[in-house]
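In what follows, chains carry the letters A, B, and so on, assigned in the order in which the sequence lines appear, proteins first and then strands, with residues in each chain numbered from 1. Every value quoted in this text rests on a predicted model; they were computed, and no experiment measured them.
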Protein chains: 2
Amino acid sequence: MQSLFFAHVTKDVLEDICVHKIERQHSKGETIIQQGDPIKEFIYLKSGLVKLIRTTSENKDQIISFSKPFDFVSVFSVFSSEYYNYSVIAIDDSITCILDLEEVKRHALNNGHFAMDLMYRMSTATDHIIIDNMEIRKKQLKGRIAHILLYFARNIYKANNFELPVSRREIAEYIGMTVENVIRTLSEFRKDGLIKIYGKEILILNEKFLEEVSEHG
Amino acid sequence: MQSLFFAHVTKDVLEDICVHKIERQHSKGETIIQQGDPIKEFIYLKSGLVKLIRTTSENKDQIISFSKPFDFVSVFSVFSSEYYNYSVIAIDDSITCILDLEEVKRHALNNGHFAMDLMYRMSTATDHIIIDNMEIRKKQLKGRIAHILLYFARNIYKANNFELPVSRREIAEYIGMTVENVIRTLSEFRKDGLIKIYGKEILILNEKFLEEVSEHG
DNA sequence: CGCGGCTTTGATGTTCATCAAGTAAAGTGG
DNA sequence: CCACTTTACTTGATGAACATCAAAGCCGCG
């Protein structure tokens, strides 16, 4: 396993933790964690891409965040709740690594470095979720669309052309607007020469200006 | 110190941690933590009420959350960042308790129970922030106002009449709407007999219906 | 007293959701 | 493999929700 994963934990400790590691395959669309399930495992993403979602009382889905490889999938609640209050769904074919939660806890109890690394990782993850949500909240439609395009280009694919891993609906569920307006805005960006669109293929033509839109509407 | 504070830590360990505890007085409006400051201390709230805010690039304030006594004030970023990416401001006269961050980290390193308790507390706090933000995002104006009224009534004051600790502007900054619309909605609730308003004094007359509005607009 | 901040109300315009309707794409069963 | 159904995508028209602008009252404070 990666020394990337836990910076200050020695190899043998890590191996000890991962003795009972299980890998699980998930195909696109599959539910990895179901909101309401008891939290018994500690899960991280090895490959693929997943979304964390919440189903509201009106049965609408809200996307909380996306996770890429080596992010924890059990990001939050794991150490503070008995049940998941969110679902995790694969948006690409994915592989997760699963550790027994009690075992992870036991190790954290006995190994301060492991505990601290864990804390660091969890804290980083939740920080990003919070800050990102605040960022999205302050923007309006165009800014939000620009934001998510730049997010995929920079954080996920590190390229200016990429295949959108999410549907228009999912974008809408992430930024908190309607599908129609997501589409309208994408079309507008296309007409304005900011991006090219071929179905799910996106090519960012004018990153500077997209950045501008993301910042100041 | 409270055994409330850390459930699984023995008294002498706790006393050891708190040897260098400093208490600090803050009067209403005072800045306790300034966004951008280096994180050197671990802070929790002993009495009073504070708000966590973020100043956006357009110099507008967004309120991330409120914290009540025995909440950590250094809620997030403490274990994942060198600098605060939010400010903390007293909205009532408050007393904070300040521990040296390095010392807290050292204890977490050496005492698994302490580390786990810390993790639990941090995780609980960030969970609430995330879930609350998602809740607010899915509602519209009326629902958001109802939500915050119930929040103060239930979580902070545990009573149906209370003095609003925040200005209309601050409510606006929390729910992400304008001051004018906050006021208009409060007036509407008053006219509809849901609440009474005398300046900052709020009396909730029809909690059931307010709940209804919070849930379904 | 007068100034600045907080509150309130009204009028107007912008942003966005909703509804409707149609095309394209993708899965499904015979 | 084709007809069939469903799901995703797209555009336009309309109305609702909300921001913005303007103006005035209130209150605490130097």
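Between A:T178 and B:I183, the residue anchored nearer the 5' end of DNA chain C, judged by the nucleotide with its closest heavy atom, is B:I183.
A straight line from CG of A:L186 to P of D:dT11 spans 10 Å, rounded to a whole angstrom. Following rounding to the nearest Å, A:L164 (CG) and C:dA25 (P) show an atom-to-atom distance of 16 Å. Taking atom CZ of B:R137 as the reference point, atom C1' of D:dC18 lies 17 Å away to the nearest angstrom. Taking atom CG of residue A:L141 and atom P of nucleotide D:dA19, one finds them 15 Å apart after rounding to whole Å. As rounded to whole Å, 14 Å separates atom P of C:dA21 from atom CD of A:E180. A:N181 places its CG atom 14 Å from the C1' atom of D:dC9, with the value rounded to the nearest Å. We find that NZ of B:K200 is positioned 11 Å from C1' of C:dG5, with the value rounded to whole Å. Rounded to an integer number of Å, the gap from CD1 of A:I171 to C1' of D:dA8 is 12 Å.
With hydrogens and angles ignored, no donor-acceptor pair closer than 3.5 Å exists between the side chain of B:R190 and the base of C:dT7. Side-chain atoms of B:R168 stay outside donor-acceptor range of the base of C:dG5, with no qualifying N/O pair under 3.5 Å.
If you check every strand for non-hydrogen atoms under 4.0 Å, B:K142 touches nothing. Note on B:S167: only backbone sugar-phosphate atoms sit closer than 4.0 angstrom, heavy atoms only; bases stay farther off.
Between the CG atom in A:N160 and the CZ atom in A:R154 there is a gap of 8.5 Å [rounded to 0.5 Å]. Atom CZ of A:F42 sits about 5.0 Å away from atom CG of A:L118, to the nearest 0.5 Å. Expressed to the nearest 0.5 Å, how far CD1 of B:I32 lies from OG of B:S74 amounts to 10.0 Å.
Not a single donor-acceptor pair under 3.5 Å links the side chain of A:R54 to the backbone N or O of A:Q62. In this structure, the side chain of B:R168 does not engage the main chain of B:V179 through any donor-acceptor pair within 3.5 Å.
Comparing atom distances between the B:M177 side chain and each of C:dG10, C:dA17, D:dC18 picks out D:dC18 as nearest.
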